[in-house]
Asker: 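Below is the structure I would like to discuss, written out as structure tokens.
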Amino acid sequence: MANRPIATLLAGTALAGFMATAVFSETVRLDAIDGSISIQGDLISFDNNIYTLSTTMGQVRIPANVVNCSGAGCPENNLPSEFAIAGSKSLGEGLIPELIRAYSAELGADLDTSRNGNAAVEYELSGPAEASITIATSNSTGGLRALLDGDASFALSTRPARNRELRNFEAAGLGVLNSSDQENIVALDGLVLVTSPGNPVRAISEQNAAAAFSGLISNWSQLGGNNAPINLHVRDNDSGTREVFDALVMRPNGVAVDGRVTVHTSDADVVAAVLSDPNGIGFTSFANVGGASPLAIQGVCGLQTPPSAFTIKTEEYPLTRLLYMYQSNKPLPTKALGLRDFAVSDRAQDIVADAGFINQAVTSESINAQGLRLASAVVAPDGAQTYEELREMFEQLISADRLSTTYRFRTGSADLNARAQADVERLIKLLQDESFTNKEIIFIGFTDSVGQADLNRELSEQRAQQVMQAIRATDPALASRVKMRAIGYGEISPLGCNETNTGRRINRRVEVWVQDIVVN
């Protein structure tokens, strides 16, 4: 709901009952900040985040962060206008300031910036909207600690919260940190292995990467390169980048980073070190690759997957990571809510891309661009799929384009994960465009190869049906304009053998394809 304009928010908000912390009964007017609508009614309650009004439409609930209240009955927001953001340096310096600037411009506010000490920057909004925002950058661990201690309203993290951190928040009565109400995904990124541009090595397997960073492989000649020692450049232990690298590359291969490494305090420093070291290798974010040479990830059957915006959006690049803005369950100031909702909205996606990160806007690729993935299904070594099954899939997709939206599920659950839940609304908004009239949207489910093949195919179709029904239930009017169909292909793996590198079951997903309706 946070992504929608106020006019859309009003749909379906009539309530039979409600909980309130303050009770009123005076007429007020709520004007949408984006100018789309005004609504007048008797103010029934206000809890610092939600207005509940009695109107001619019935009772409606409106988030306070998307409207301005006028009238003698307007309540005072008891929450302070100051709030703090803490955590990841790459997000706190590279993305969030740009989002604050755009958000303040949307509000028509003036913005002043000042530095408070070495690590904190203060942003003062004045004029039509007032707020004071402090950003203190350190690393993902530090941000989550500040959120737990009550020193920040948001924690910036380039890794998911650890189980230990989840337990700490629940024990402190601060909610379920990885729930869709508290885990906000603001961008995507890829962890990229980088070398000096003069290095002849252009691809590396995850196993060989783990062997190199653990010291088991110490010479570039063992990776097809020059006869020269491998110099390792890594991030510090508490950084989100290091945590993701350890989780995705090192631990699945049963090794740890060697002690003989050069440690850097930022992704940019890693890149600078590699650029000045012909024998160096490091890992950094996709946003910070700069002039370094990125390495493709090589699967066990030789298929190479380079990092790209599309492969990261679909999470099929093996070292994809999500970038988070976490919050606790405590009430937030109105402008904090507004900044959060702006950060995940469609309006912010160009800003995310301009800052060098991968945004969440839906893009597409033709079947031609997907050729290597489909070809890898033919040569996959497990032999789970038959020729007839592959031919059926290829015939279905021959004239279709694939959308970057890919739905995945919580581990050990049939529920969509937090990103997938947000992508339901994002896909609906895309399909509401007139260009999708008379198109067919195909939801295609896949599973891993664990279990019986026939049951896996049935399960994959059930998951595809689940996503399709979620789209239809959220916007029933789409069915009259856009044809939808759900298919399951079970264990057939267009990802090829790349997914088996470290045993990660990334094949449990539902893809979205689109094609013209053929009229006979």
Side-chain angles (χ1 to χ4, degrees), residues 1-5 34 85 87-106 135 140 154 156-160 180 183-192 240-241 244 267 284-290 294 305-317 319-326 338-365 369 401-408 416-433 435-436 509 511-512 514:
M1 185 173 70
N3 296 352
R4 299 183 185 179
D34 63 10
I85 302 172
S88 164
K89 188 174 183 180
S90 59
L91 285 174
E93 295 181 356
L95 176 58
I96 303 302
E98 298 304 318
L99 293 174
I100 291 174
R101 292 185 183 96
Y103 175 59
S104 65
E106 186 173 271
I135 300 180
S140 300
F154 296 112
L156 306 176
S157 181
T158 56
R159 60 167 175 82
S180 58
E183 183 182 79
N184 308 291
I185 299 167
V186 294
L188 295 89
D189 200 1
L191 192 70
V192 182
T241 304
V244 172
D267 288 3
T284 186
S285 63
F286 184 83
N288 285 309
V289 168
T305 304
S308 71
F310 194 86
T311 59
I312 290 173
K313 284 186 179 185
T314 61
E315 298 184 53
E316 285 158 11
Y317 173 67
L319 305 184
T320 292
R321 64 176 177 174
L322 309 181
L323 306 179
Y324 304 91
M325 187 163 74
Y326 284 105
L339 177 62
R340 178 204 65 189
D341 291 348
F342 177 77
V344 299
S345 71
D346 291 342
R347 308 188 304 281
Q349 298 312 302
D350 286 344
I351 298 164
V352 172
D354 289 343
F357 297 90
I358 306 299
N359 66 25
Q360 299 181 80
V362 182
T363 56
S364 64
E365 278 195 353
D401 292 337
R402 186 185 173 192
L403 301 183
S404 59
T405 305
T406 302
Y407 294 94
R408 287 184 167 80
L416 293 172
N417 64 21
R419 184 191 173 198
Q421 292 178 43
D423 278 345
V424 168
E425 290 196 9
R426 190 166 280 117
L427 180 60
I428 287 172
K429 186 168 184 179
L430 179 72
L431 298 182
Q432 288 170 341
D433 189 275
S435 64
F436 282 86
R509 73 201 188 283
E511 297 181 1
V512 184
V514 58

Asker: Can you check whether Val186 reaches Val352 side chain to side chain, under 4.5 Å on heavy atoms?
Answerer: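 Of all side-chain heavy-atom pairs linking Val352 with Val186, none is under 4.5 Å.
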Asker: Could you walk me through whether Thr241 and Leu191 satisfy the side chain to side chain contact (heavy atoms under 4.5 Å, CB included) test, starting with their C-alpha distance in whole Å, then the side-chain angles of each, then the deciding distance to 0.1 Å, before giving a yes or no?
Answerer: CA-CA 7 Å; Thr241 304; Leu191 192 70; 3.4 Å; yes
Asker: Identify the heavy atoms of Val512 and Tyr407 that sit nearest to each other, and give their distance.
Answerer: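 Heavy-atom minimum between the residues: CG2-CE1, 3.7 Å.
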Asker: Looking only at non-hydrogen atoms, find the nearest pair between Ala418 and Glu183 and report the distance.
Answerer: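 For Ala418 and Glu183, the tightest heavy-atom pair comes out as CB-OE1, 3.4 Å.
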Asker: Between Ala353 and Asn359, which heavy-atom pair has the shortest distance, and what is it?
Answerer: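 So the two residues come closest at CB-ND2, 3.6 Å.
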Asker: Just so I know, are the side chains of Phe357 and Leu91 near enough to count as touching, which here means a heavy-atom distance under 4.5 Å?
Answerer: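 The answer is yes, as the side chains (C-beta and beyond) meet within the 4.5 Å cut-off.
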Asker: Could you walk me through whether Ile85 and Leu156 pass the side chain to side chain contact (heavy atoms under 4.5 Å, CB included) check?
Answerer: CA-CA 7 Å; Ile85 302 172; Leu156 306 176; 3.5 Å; yes
Asker: For Asp401, what residues pass the side-chain contact (heavy atoms from CB on, under 4.5 Å) criterion, not counting sequence neighbours?
Answerer: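 Only Ser366, Val514 meet the side-chain contact (heavy atoms from CB on, under 4.5 Å) criterion with Asp401.
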Asker: Return the CZ to CG distance between Phe286 and Leu319, rounded to the nearest 0.5 Å.
Answerer: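 Here the interatomic distance stands at 12.5 Å.
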Asker: Who pairs with Arg321 by salt bridge (charged side-chain N to carboxylate O under 4.0 Å, His left out), at least two apart in sequence or on another chain?
Answerer: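 Only Asp189, Asp267 meet the salt bridge (charged side-chain N to carboxylate O under 4.0 Å, His left out) criterion with Arg321.
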Asker: What residues, two or more places apart in sequence or in another chain, satisfy side-chain contact (heavy atoms from CB on, under 4.5 Å) together with Gln432?
Answerer: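 For Gln432, the residues satisfying side-chain contact (heavy atoms from CB on, under 4.5 Å) (neighbours in sequence not counted) are Ile428, Lys429, Asp475, Leu478.
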Asker: Between Thr158 and Ser90, what is the shortest heavy-atom contact and its length?
Answerer: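 Looking at all heavy atoms of both residues, the closest pair is CG2-OG, 3.7 Å.
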Asker: Between Glu365 and Arg402, is there a donor-acceptor pair closer than 3.5 Å when you use the side chain of the first and the backbone of the second?
Answerer: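 No: the side chain of Glu365 does not pair with the backbone of Arg402.
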Asker: Quick one: closest heavy-atom pair of Thr311 and Thr320, and the distance?
Answerer: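 Heavy atoms only, the tightest pair is O-OG1, 3.9 Å.
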Asker: Side chains of Ser140 and Ser88, heavy atoms from C-beta outward: is any pair under 4.5 Å?
Answerer: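 Counting from C-beta outward, Ser140 and Ser88 do come under 4.5 Å.
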Asker: Counting only N and O atoms by type, is there a donor-acceptor contact under 3.5 Å from the side chain of Ser104 to the main-chain atoms of Ile100?
Answerer: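 Yes; judged by distance alone, with no hydrogens or angles, the pair exists.
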Asker: Determine yes or no for a side-chain-to-main-chain donor-acceptor pair under 3.5 angstrom, with Gln360 supplying the side chain and Ile185 the backbone.
Answerer: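 Checked: pair present.
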Asker: Just wondering, do Glu98 and Asp354 contact through their side chains at under 4.5 Å, heavy atoms?
Answerer: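 Not in contact.
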Asker: Please report the shortest heavy-atom distance between Ala355 and Leu95, naming the atom on each side.
Answerer: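 Scanning both residues, the minimum pair turns out to be CB-CD1, 4.0 Å.
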Asker: Are any non-hydrogen side-chain atoms of Leu322 and Glu315 less than 4.5 angstrom apart?
Answerer: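 Sidechains of Glu315 and Leu322: in contact.
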Asker: Apply the test side chain to side chain contact (heavy atoms under 4.5 Å, CB included) to residues Ile96 and Phe154: give CA-CA distance (whole Å), side-chain angles for both, the deciding distance (0.1 Å), then the verdict.
Answerer: CA-CA 11 Å; Ile96 303 302; Phe154 296 112; over 6 Å; no
Asker: Please check this pair: side chain of Lys313 against backbone of Leu403, looking for a donor-acceptor N/O pair closer than 3.5 Å.
Answerer: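 Checked: no pair found.
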Asker: For Tyr326, what residues pass the ring-ring contact (aromatic ring centres under 6.0 Å, His included) criterion, not counting sequence neighbours?
Answerer: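 For Tyr326, the residues satisfying ring-ring contact (aromatic ring centres under 6.0 Å, His included) (neighbours in sequence not counted) are Tyr324.
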Asker: Hey, could you give me the OG1/OH distance between Thr305 and Tyr317, rounded to the nearest 0.5 Å?
Answerer: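 OH of Tyr317 is found 9.0 Å from OG1 of Thr305.
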Asker: Could you go through the side chain to side chain contact (heavy atoms under 4.5 Å, CB included) check for Thr405 and Leu430 one step at a time?
Answerer: CA-CA 11 Å; Thr405 305; Leu430 179 72; 6.0 Å; no
Asker: Using side-chain contact (heavy atoms from CB on, under 4.5 Å) as the criterion, list what pairs up with Ala348, not counting sequence neighbours.
Answerer: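 Result, side-chain contact (heavy atoms from CB on, under 4.5 Å) vs Ala348: Leu99, Phe342, Ser345.
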Asker: State whether Glu316 and Arg509 are salt-bridged, where the test is any N-O pair (Lys NZ or Arg NE/NH1/NH2 against Asp/Glu carboxylate O) under 4.0 Å.
Answerer: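 Salt bridge present between Glu316 and Arg509.
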Asker: Listed by chain and number, what are the side-chain hydrogen bond (donor to acceptor under 3.5 Å, both in side chains) partners of Asn417, not counting sequence neighbours?
Answerer: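 Expected list: none.
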Asker: Checking the side chain of Ser404 only, and the main-chain atoms of Thr363 only, is there a donor and an acceptor separated by less than 3.5 Å?
Answerer: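 Answer holds: yes.
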